[in-house]
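Here's the structure, in structure tokens; my notes come after.
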Amino acid sequence: MPRLSEVIAALENLWPAERAESWDAVGTVVGDPDQEVTRVLFAVDPVQEIVDEAVRLGADLLVTHHPLYLRGTTTVAATHFKGRVVHTLIKNDIALHVAHTNADTADPGVSDALAGALDLRVVRPLVPDPTDPHGRRGLGRVCELDHPVTVRELAARAAERLPATAQGIRVAGDPEAVVRTVAVSGGSGDSLFDQVRAAGVDAFLTADLRHHPASEAVAHSPLALLDAAHWATEWPWCELAASQLDEISDRHGWDLRVHVSKTVTDPWTAHAASTTTSS
């Protein structure tokens with residue numbers, strides 16, 4: 001059985017910490033490097049519900065996309081919900097490792113997994129990593145469809161293929177416009193409109209689109225916007241990452257048992273559709 005330090009070394013090879021943004025908090029948060037690892041759970045959020053799932057599963061390592069302490073802390077007291085997470089992890093000998101923006105820009109990374117979930121063919125990164133001589137790493141992906149579809153049909157595909165959330169898929173633009181090329185970016189994407197326009201795509205699928213950037217984007221061009229839940233656009237990465245660790249485990253003869261949490265940790269729990277229109 002591998003030690004935690006060996007598994008972490010393999011994960012760091014997939015998502016090197018030095019490729020994370022300077023503001024990010026990635027790497028191992030909790031864990032003894034010498035502890036043995038037999039079972040691993042992947043999830044998007046390091047929240048209590050996921051940690052409790054790791055305890056029930058008997059996991060030795062929890063790997064999440066989102067950091068537990070993004071802005072640092074001065075306490076891990078169990079009187080705070082993040083402190084309770086730390087206490088639960090330590091009491092149950094469960095390590096926590098985070099791969100965030102270093103997984104966003106990886107090859108393959110978060111947006112590759114999102115494109116794969118929608119059967120989109122990745123052409124290139126939306127925002128290439130200038131340090132990658134092969135031009136494959138970077139933020140977001142520019143994709144092609146096998147055959148043209150309408151915006152409405154693409155939104156329906158996203159709603160069907162991505163995990164169900166209260167939000168579903170919001171659309172801005174002409175629902176009947178034809179889509180041949182799509183930019184995708186897992187997580188919050190409304191800072192990328194300049195790059196999306198420069199890519200010349202027909203549609204942009206991402207999450208957390210705000211009113212003013214979205215309004216300006218559709219006024220600027222016929223670009224269609226598809227806004228999914230943040231958690232839903234990043235969850236496919238968990239399956240991708242789990243398969244990568246499975247392959248590493250097989251190669252090294254570790255016999256790890258690797259799992260992906262299907263617990264929905266999107267914070268929005270209900271949606272009430274509008275039933276009236278203004279005159």
- Separation of Gln195 CD from Arg197 CZ (nearest 0.5 Å): 9.0 Å
- Note on the structure: Tyr69 and Thr75 have their tightest heavy-atom pair at OH-O, 3.8 Å
- Task: Take Thr165 and Asp266 through the side-chain hydrogen bond (donor to acceptor under 3.5 Å, both in side chains) test and state the conclusion after the steps.
- Result: CA-CA 7 Å; Thr165 61; Asp266 186 74; 5.1 Å; no
- Item | Short side-chain to backbone donor-acceptor contact, Arg157 and Leu118, under 3.5 Å | yes
- Task: State whether the side chain of Asp227 and the backbone N or O of Leu209 hold a donor-acceptor pair below 3.5 Å, judged by distance alone.
- Result: yes
- Message: Around atom CZ of Arg251, are there more than 12 heavy atoms from other residues, nucleotides or ligands closer than 6.0 Å?
- Response: yes
- Mark yes when over 12 heavy atoms from residues, nucleotides or ligands other than His220 sit less than 6.0 Å from its NE2; otherwise mark no. no
- Test item: Leu120 and Val122 side chains (from C-beta on) under 4.5 Å apart, heavy atoms: no
- Item | Under 3.5 Å: donor-acceptor pair, side chain of Glu12, backbone of Ala17 | yes
- Flag if over 12 foreign heavy atoms under 6.0 Å of CZ, Arg39: yes
- Output the distance between atom CZ (Arg257) and atom CG (Asp60), rounded to the nearest 0.5 Å. 8.5 Å
- Please examine the side chains of Ser261 and Glu49, heavy atoms only from C-beta on, and report whether any two atoms are closer than 4.5 Å. no
- Message: Tell me whether Arg141 contacts the main-chain N or O of Gly138 through its side chain, where contact means a donor paired with an acceptor under 3.5 Å.
- Response: yes
- Message: Are more than 12 heavy atoms, taken from residues, nucleotides or ligands other than Asn13, located less than 6.0 Å from that residue's CG atom?
- Response: no
- Message: What I'd like to find out is whether the side chain of His66 reaches to under 4.5 Å of the side chain of His100, using heavy atoms alone.
- Response: yes
- Message: Run Lys82 and Thr73 through side chain to side chain contact (heavy atoms under 4.5 Å, CB included) and show every step you take.
- Response: CA-CA 10 Å; Lys82 291 189 178 184; Thr73 187; over 6 Å; no
- Starting at CZ of Arg121, measure out to OG1 of Thr181 and round the result to the nearest 0.5 Å. 11.0 Å
- Task: Decide yes or no on side chain to side chain contact (heavy atoms under 4.5 Å, CB included) for Asp104 and Trp237, but give the supporting numbers first.
- Result: CA-CA 9 Å; Asp104 286 333; Trp237 171 80; over 6 Å; no
- Hey, what do you get for NE2 (His211) to CG (Asp190), rounding to the nearest 0.5 Å? 12.5 Å
- Task: Output yes when a side-chain donor or acceptor of Asn102 lies under 3.5 Å from a complementary backbone atom of Trp15, and no otherwise.
- Result: yes
- Hey, does the side chain of Asp112 reach the backbone of Gly109 with a donor-acceptor pair shorter than 3.5 angstrom? yes
- Item | 4.5 Å side-chain heavy-atom contact, Leu126 and Val142 | yes
- Query: Sub-3.5 Å donor-acceptor pair from the side chain of Thr64 to the main-chain atoms of Val98, do we have one?
  - Reply: no
- Message: I'd like to know whether Thr131 forms a side-chain hydrogen bond (donor to acceptor under 3.5 Å, both in side chains) with Arg19, so could you lay out the CA-CA distance, the side-chain angles of the two residues, the decisive distance to 0.1 Å, and finally the verdict.
- Response: CA-CA 10 Å; Thr131 69; Arg19 291 184 187 152; 5.4 Å; no
- What closest approach, in Å, do Phe42 and Ala241 show between heavy atoms, and which atom pair accounts for it? CE2-CB, 3.6 Å
- Message: Applying side chain to side chain contact (heavy atoms under 4.5 Å, CB included) to Val258 and Ser249, what does each step give before you reach the verdict?
- Response: CA-CA 9 Å; Val258 183; Ser249 173; 5.5 Å; no
- Exercise: identify the closest heavy-atom pair between Pro148 and Val178: CB-CG1, 3.7 Å
- Item | Considering all heavy atoms, the nearest Pro67-Leu70 contact | CG-CD1, 3.9 Å
- Query: Rounded to the nearest 0.5 Å, how far apart are CG of Leu96 and OG1 of Thr28?
  - Reply: 8.0 Å
- Query: Is a side-chain N or O of Thr206 found less than 3.5 angstrom from the main chain of Leu226, in a donor-acceptor match?
  - Reply: no
- ILVMFWY cluster, Ile169 and Phe204 together (side-chain gap under 4.5 Å): no
- Message: Could you check whether any side-chain heavy atom of Leu61 comes within less than 4.5 Å of a side-chain heavy atom of Ile94, counting everything from C-beta outward?
- Response: no
- Note on the structure: Shortest non-hydrogen pair, Val85 vs Val47, comes out as CG2-C, 4.1 Å
- For the student: nearest non-hydrogen atoms of Pro125 and Arg136, plus distance: CG-O, 3.4 Å
- Message: Please say yes or no: joined through hydrophobic side-chain contacts below 4.5 Å, possibly via intermediate residues, are Leu114 and Leu192 part of one cluster?
- Response: no
- Task: May I ask you to check whether Thr105 and Asp129 show a side-chain donor-acceptor distance below 3.5 Å?
- Result: no
- Taking Gln35 for the side chain and Asp93 for the main chain, is one N or O donor matched with an acceptor at less than 3.5 Å? yes
- Give a yes or no on whether Leu89 and Val55 share a hydrophobic cluster (residues Ile, Leu, Val, Met, Phe, Trp, Tyr; joining criterion: side-chain heavy atoms under 4.5 Å apart). yes
- Item | Pairwise distance CG(Leu41) to CG(Leu62) - rounded to 0.5 angstrom | 5.5 Å
- Query: Where do Asp107 and Asp132 land on the side chain to side chain contact (heavy atoms under 4.5 Å, CB included) test, with the steps shown first?
  - Reply: CA-CA 10 Å; Asp107 171 34; Asp132 178 17; 5.6 Å; no
- Query: Going by heavy atoms in the side chains, are Leu162 and Pro236 under 4.5 Å from each other?
  - Reply: yes
- Is there a path of hydrophobic side-chain contacts, each under 4.5 Å between heavy atoms of I, L, V, M, F, W or Y residues, that connects Leu4 with Trp254? yes
- Is atom CZ of Arg180 surrounded by more than 12 heavy atoms (other residues, nucleotides or ligands) closer than 6.0 Å? no
- Message: Applying a strict under-4.5 Å side-chain criterion to I, L, V, M, F, W and Y, I'd like to know whether Ile248 and Ile8 cluster together.
- Response: yes
- Message: When you compare the side chain of Ser111 with that of Leu139, does any pair of heavy atoms fall below 4.5 Å?
- Response: no
- Task: Please check if the side chain of His65 supplies one atom and the backbone of Ala43 the other of a donor-acceptor pair under 3.5 Å.
- Result: no
- Task: Any chance you could lay out the side-chain hydrogen bond (donor to acceptor under 3.5 Å, both in side chains) test for Thr263 and Glu53, step after step, and finish with the verdict?
- Result: CA-CA 9 Å; Thr263 302; Glu53 180 180 348; 2.7 Å; yes
- Task: I would like to know whether His252 and Glu6 meet side-chain hydrogen bond (donor to acceptor under 3.5 Å, both in side chains); could you show each step before the answer?
- Result: CA-CA 10 Å; His252 291 285; Glu6 295 175 280; over 6 Å; no
- Heavy-atom side-chain proximity of Phe81 to Gln48 below 4.5 angstrom: no
